[in-house]
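Here is the structure we will look at.
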2 protein chains.
Amino acid sequence: MSKKEKIIKVASKYFSEVGYDKATLDDVAKEVGVSKAAIYYHFKDKFALYEAVLCSRFGELAKIIDKIDDSKPIEALREYIESFGKFLVDKPCFSAIFARELADGAMNMPASCSKQMSLNLQKLSKILQNGEAENLFEKENPFMVQMMIVTPLINYRTTKKLREVVMANLKDIKNIDVDLEDIIPNLASKIIKALKC
Amino acid sequence: MSKKEKIIKVASKYFSEVGYDKATLDDVAKEVGVSKAAIYYHFKDKFALYEAVLCSRFGELAKIIDKIDDSKPIEALREYIESFGKFLVDKPCFSAIFARELADGAMNMPASCSKQMSLNLQKLSKILQNGEAENLFEKENPFMVQMMIVTPLINYRTTKKLREVVMANLKDIKNIDVDLEDIIPNLASKIIKALKC
DNA sequence: CAACCTTTACTTACTCGTCAGTAAGTTTAT
DNA sequence: ATAAACTTACTGACGAGTAAGTAAAGGTTG
C-alpha cells in the first residue's frame, strides 16, 4: 500500500471516529508514520483529504448498487437494501462518516459524491416505478424510501454505545443489542411489507 | 425572556446550523447582545451550555411522549410517531442537533438526556409489547423500531439541500421535495403496516 | 561513464488565526 | 452595602497551513 493510500485509510478512521473537525492531521500523520507536511504533499488541504475519503467510498457503493437487476421489483428492492447493509458491515468507517454528512445537511459533499448518490437514488426510483407498474407497490416518494433504508442502518451502527446506556437504564428491556448483520434482512422484509399494495 | 434563556435559544440555533465544534461562543454572544464572558457567568463552559440546550429539548419531548395512552397499541404507535414528528416541526433546531448526536454515537450526551431517551424507548417498548400480547404486532427489537421512526424524520429535515442537488441531477424524478408535515402520517402508516401481524 | 540537472517524496521548524476560557474591574438592583 | 449580572481586555493552546531544505531516483548531455 502506498503512503497516499495509507493516509486515506488512517484519515477515514479518524474522520469516522471523531468527525471532520476534531480529526487532526497531526494525529493522522503520526499514525501513518509521516510528517504532517507529507499529507500536504499529497492533498491540497484537509478538505481535499476528506473528499478523497468520501469519494472512494461512494464510488465503491455506487458500483455495487448499479449492478442490481431491477426487472423483478420485490427481489430488486431486497437486494438494494441488503447490498447497502452489507457495504456498511464491510466498511465500518463509512456509517459514521455518512451519518455525519446527512446530519450536516451534506453541506460539504463534493459534487462527484452527490452525483453518485443521485445514481443510487435513480436505481431505487426505477425499482419502485417498475413495482408500481406491476401493481406491486403504491406510488412513493423515492427520497423518503431512501431515508427509510439508509438512516436506520447507518445510525444503528453509530449508536452501539447509546444502546448500552439505554439498556443499563431499562433493565426490563432485553436483547436490544443485536448485530447489524441480523438487523438487515429484518429491515428489508419490513420495508417491502410496508411498500406492498 | 431572561438573558440565560436567550443564550440557550441562540446557542441552539448555532449548534443546529453548524454543529458543536464550529459554533463559537463569540458568535452566540454577539447575536444575544452580551459579551462572551456573560455566557461564562451563566454556564461553566461551552459544553455545559450545550447540555442545557440538549436537556431542555429532550425534557420537553419526554413530557409529550409520556402522556400517550398506550392501551390501544395501533393508535398509540401512530400517536407516538406523529407526536415525535410534530415536535420536530415545532422545534426546527432539534433535528440537526439530534441527528449529529446520533451520528456521533451520542458520545457527549449527558446522563439526564439519555435517561429521558430511555423513558421514550420504554414507552415505545410498552406499546409494542401490548400489541404483541393482543396479537397485533410481531415481536420486535424496540431500539430498531425507534431507529425506523426517528432517523428518517430527523434526517429528512437535515437533507433539504441534498434533495435539491439530487433533483438537479435527476430531472426525471419529480415531487421529491415534500414538506416534513406531509411525510409524517405517511411514515406512520408504513411503520404500522410493517409491524402488523 | 560521470558530472549535471530535475522530479518525486518527503522532513524540520516555523507562522498565524481562531477560539475557549479567565482575571479583574464595573454597573445595577435590593 | 453587597450580591448578582455583567464588561473589557487579555492569555494560552491548539491546529491548519507553509517555507525552505534534503535525500534518492531517474533522465540528459559532453
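Proteins get letters first, then strands, A, B, ... in listed order; numbering begins at 1 in each.
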Rounding to an integer number of Å, can you tell me how far [X] [atom1] sits from [N] [atom2]?
| X | N | atom1 | atom2 | value |
| --- | --- | --- | --- | --- |
| B:I39 | C:dC19 | CD1 | P | 13 Å |
| A:D21 | C:dT18 | CG | P | 15 Å |
| B:L49 | C:dC19 | CG | P | 16 Å |
| B:F43 | C:dA20 | CZ | C1' | 16 Å |
| B:D26 | C:dG21 | CG | P | 12 Å |
| B:K6 | D:dA5 | NZ | C1' | 15 Å |
| B:Y40 | D:dT8 | OH | P | 17 Å |
| B:K30 | C:dC19 | NZ | C1' | 14 Å |

Please answer: with hydrophobic residues joined when any side-chain heavy atoms are less than 4.5 Å apart, are A:Y41 and A:L25 in the same cluster? no

Check the hydrophobic clustering (I, L, V, M, F, W, Y; side-chain heavy atoms under 4.5 Å; chains of links allowed) and say if B:V18 and A:V18 are grouped together. no

Can you identify which nucleotide, out of [options], has its nearest atom closest to the [X] side chain?
| X | options | value |
| --- | --- | --- |
| A:V34 | C:dG21, C:dT11, D:dC6 | C:dT11 |
| A:S35 | D:dG17, D:dT7, C:dT11 | C:dT11 |
| B:Y41 | D:dT7, D:dT18, D:dA4 | D:dA4 |

Could you check whether [X] gets within reach of a base, just the sugar-phosphate, or nothing at all, counting any heavy atom under 4.0 Å?
| X | answer |
| --- | --- |
| A:A29 | nothing |
| A:T24 | sugar-phosphate |
| A:K36 | base |

Suppose we call a contact any N or O donor and acceptor under 3.5 Å apart; does that hold for the side chain of B:K46 and the base of C:dG21? no

Nearest-nucleotide check on DNA chain D, A:K44 vs A:K22; residue mapping nearer the 5' end is A:K22

Can you confirm if the aromatic rings of B:Y50 and B:F43 lie within a centre distance of less than 6.0 Å?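 Not under 6.0 Å, so no.
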
Parallel, tilted or perpendicular: which fits the ring planes of A:Y20 and A:F15, with parallel below 30° and perpendicular above 60°? parallel

Return no unless some side-chain N or O of A:K3 is found under 4.0 Å from OP1 or OP2 of C:dA9.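 Answer no for this pair, as no side-chain N or O of A:K3 is under 4.0 Å from OP1 or OP2.
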
Would you tell me if any nitrogen or oxygen in the side chain of A:H42 comes within less than 4.0 Å of OP1 or OP2 on C:dC10?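 For A:H42, the contact criterion (side-chain N or O under 4.0 Å from OP1 or OP2 of C:dC10) is met.
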
Under 4.0 Å between a Lys/Arg side-chain N and an Asp/Glu carboxylate O for B:K123 and B:D66? no

